[in-house]
Peer 1: 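Please read through the structure below; I'll follow up with questions.
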Amino acid sequence: MATFLSREACPTIKNILLLDSEGKRVAVKYYSDDWPTNSAKLAFEKSVFTKTQKTNARTEAEITMLENNIIVYKFVQDLHFFVTGGDDENELILATVLQGFFDAVTLLLRNNVEQREALENLDLILLCLDEIVDGGIVLETDGNVIAGKVATHSIDDGAPLSEQTISQALATAREHLTRSLLR
């Protein structure tokens, strides 16, 4: 007989925020009803940015408390990465989620982690968020795995094989084989 973890036993993430150097949204995803309206979400983002902007979280992640939430954050160039959990959440898990998000974004942006590049690849960053957390439950924290899943999602199946890289062509072939076997 299988036993399943209850939602309360699993670490939960309330939101993941990627803001620019002025505190404006680049990519955000909320998994909690703590902020029911868009204006409440914007107010939270502003207060998070205001509280953290004077810190030096460039070399490693920092932790702060705000409105009964634990926030782990890191700044790179003109991007500010934040992961929020409840005040009873484990900081190490939040920091691991943050590091996984940061590592995946770094890989997907080819080490060019800055606002313009992030905006040009916003679809990849949003897919990244979907691969990391679903409904507040942490799915994956390994940046390489996350980036790999996002890269295979973003392959244009319609592109001719001559315009695909070897790994993209193999992934496409594998997908077509799987489809034909499932018929």
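Each residue takes its place number in the sequence, starting with 1. In this text, all values refer to a predicted model and were calculated from it rather than measured experimentally. Just so you know, these numbers use all the heavy atoms, side chains as well, and skip hydrogens, waters and symmetry mates.
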Peer 1: What's the separation between atom CG in Asn121 and atom CZ in Arg116, rounded to the nearest 0.5 Å?
Peer 2: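 One gets 10.5 Å once the value is rounded to the nearest 0.5 Å.
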
Peer 1: Measuring from Gln99:CD to Glu60:CD, what's the distance to the nearest 0.5 Å?
Peer 2: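 Rounded to the nearest 0.5 Å, the CD-CD separation comes out at 10.0 Å.
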
Peer 1: Is there side-chain contact between Asp87 and Asn69, with at least one heavy-atom pair below 4.5 Å?
Peer 2: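 They are not in contact (no side-chain heavy atoms under 4.5 Å apart), so the answer is no.
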
Peer 1: Identify the two heavy atoms, one from Ala61 and one from Val72, that lie closest to each other, and give their separation to 0.1 Å.
Peer 2: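 Nearest pair, atom of Ala61 first, then Val72: CB-CG1, 4.0 Å.
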
Peer 1: How does the hydrophobic cluster around Tyr30 look, that is, which other residues are in it when side-chain heavy atoms under 4.5 Å mark a link?
Peer 2: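 Noted: Tyr30 shares its cluster with Leu17, Leu19, Val28, Trp35, Phe44, Val48, Phe49, Leu66, Ile71, Tyr73, Phe75, Phe82.
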
Peer 1: Find out if a path of hydrophobic residues (ILVMFWY) with successive side-chain heavy-atom gaps under 4.5 Å connects Ile13 to Leu126.
Peer 2: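 Yes.
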
Peer 1: Hey, is CG on Asp33 packed in by over 12 heavy atoms from elsewhere, all under 6.0 Å?
Peer 2: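 Counting other residues, nucleotides and ligands, CG of Asp33 stays at 12 neighbours or fewer.
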
Peer 1: Would you check if His80 and Val26 make a side-chain contact, meaning some heavy-atom pair closer than 4.5 Å?
Peer 2: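 Counting from C-beta outward, His80 and Val26 never come under 4.5 Å.
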
Peer 1: Side-chain contact test, heavy atoms from C-beta onward, threshold under 4.5 Å: evaluate it for Ile125 versus Val105 and give yes or no.
Peer 2: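 Touching, per the 4.5 Å side-chain cut-off.
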
Peer 1: Testing Ile16, Asn15, Ile70 for side chain to side chain contact (heavy atoms under 4.5 Å, CB included) with Thr84, which one passes?
Peer 2: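 Checked Ile16, Asn15, Ile70 against Thr84; only one passes side chain to side chain contact (heavy atoms under 4.5 Å, CB included): Asn15.
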
Peer 1: How long is the span from the CG atom in Asp103 to the CG atom in Leu98, to the nearest 0.5 Å?
Peer 2: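 Here the interatomic distance stands at 9.0 Å.
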
Peer 1: Just how far is it from atom CD of Gln115 to atom CD of Glu120, taken to the nearest 0.5 Å?
Peer 2: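 Interatomic distance, Gln115 CD to Glu120 CD, rounded to 0.5 Å: 11.0 Å.
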
Peer 1: Testing the basics here: between Gly100 and Ile146, what is the closest heavy-atom pair and its distance to 0.1 Å?
Peer 2: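 Shortest heavy-atom contact: O-CD1, 3.9 Å.
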
Peer 1: Quick check: is Met65 connected to Leu92 through a chain of hydrophobic side chains (ILVMFWY, heavy atoms under 4.5 Å apart)?
Peer 2: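 Cluster IDs for Leu92 and Met65 differ.
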
Peer 1: Verify, without hydrogens or angle tests, whether Glu89 (side chain) and Thr12 (backbone) share a donor-acceptor contact under 3.5 angstrom.
Peer 2: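 Yes, Glu89 side chain to Thr12 backbone: donor-acceptor pair under 3.5 Å.
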
Peer 1: Using salt bridge (Lys or Arg N to Asp or Glu O under 4.0 Å) as the criterion, list what pairs up with Lys14, not counting sequence neighbours.
Peer 2: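 Checked Lys14 against salt bridge (Lys or Arg N to Asp or Glu O under 4.0 Å); matches are Asp34.
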
Peer 1: Distance-only criterion, 3.5 Å: show the donor-acceptor pairs between side-chain atoms of residues 106-113 and protein atoms not counting sequence neighbours.
Peer 2:
unit_1	atom_1	unit_2	atom_2	d
Thr106	OG1	Phe102	O	2.8
Asn112	ND2	Glu117	OE1	3.4

Peer 1: Determine the minimum heavy-atom distance between Glu91 and Ile63, stating which atoms define it.
Peer 2: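 So the two residues come closest at CB-CD1, 3.7 Å.
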
Peer 1: Please answer whether the main-chain N or O of Gln77 pairs with a side-chain N or O of Arg58 as donor and acceptor at a distance below 3.5 Å.
Peer 2: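 Checking the backbone N and O of Gln77 against the side chain of Arg58, a donor-acceptor pair under 3.5 Å is found.
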
Peer 1: How many angstroms lie between atom OG of Ser21 and atom CD of Gln53, to the nearest 0.5 angstrom?
Peer 2: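 Between Ser21 OG and Gln53 CD, I get 10.0 Å after rounding to 0.5 Å.
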
Peer 1: If Ile, Leu, Val, Met, Phe, Trp and Tyr residues are connected whenever their side-chain heavy atoms lie under 4.5 Å apart, and connections chain through other members, are Val97 and Leu139 in the same group?
Peer 2: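 No, Val97 does not connect to Leu139 through the hydrophobic network.
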
Peer 1: Does Lys74 reach the main-chain N or O of Ala95 with its side chain, forming a donor-acceptor pair under 3.5 Å?
Peer 2: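 Looks like no, no N/O pair under 3.5 Å.
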
Peer 1: Please evaluate residues Asp78 and Asp20 with respect to the criterion side-chain contact (heavy atoms from CB on, under 4.5 Å), reporting the C-alpha separation (whole Å), side-chain torsions for both, the decisive distance (0.1 Å), and the verdict.
Peer 2: CA-CA 6 Å; Asp78 53 356; Asp20 67 13; 5.8 Å; no

Peer 1: State plainly whether one hydrophobic cluster holds both Leu18 and Leu119, where clusters connect Ile, Leu, Val, Met, Phe, Trp and Tyr through side-chain heavy atoms under 4.5 angstrom apart.
Peer 2: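 In one cluster with Leu18: Leu119, yes.
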
Peer 1: What's the separation between atom CD in Glu131 and atom CG in Leu124, rounded to the nearest 0.5 Å?
Peer 2: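 The CD atom of Glu131 sits 11.5 Å away from the CG atom of Leu124.
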
Peer 1: If you compare all heavy atoms of Pro11 against all heavy atoms of Ile93, which two are closest, and at what distance to 0.1 Å?
Peer 2: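 Closest heavy-atom pair between Pro11 and Ile93: CG-CD1, 3.6 Å.
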
Peer 1: Look at Glu45 together with Lys41 and state whether they make a salt bridge at an N to O cut-off of under 4.0 Å.
Peer 2: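 Salt bridge: no.
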
Peer 1: Could you report the tightest heavy-atom contact between Ala27 and Leu122, atom names first, then the distance?
Peer 2: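 Nearest heavy atoms, Ala27 then Leu122: CB-CD1, 3.9 Å.
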
Peer 1: Are Leu42 and Asn38 side-chain neighbours, meaning at least one heavy-atom pair lies under 4.5 Å?
Peer 2: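 A side-chain contact exists here, since the closest heavy-atom pair is under 4.5 Å.
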
Peer 1: Restricting to non-hydrogen atoms, name the atom on Lys29 and the atom on Leu129 that form the minimum distance, rounded to 0.1 Å.
Peer 2: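 Closest heavy-atom pair between Lys29 and Leu129: CB-CD1, 3.9 Å.
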
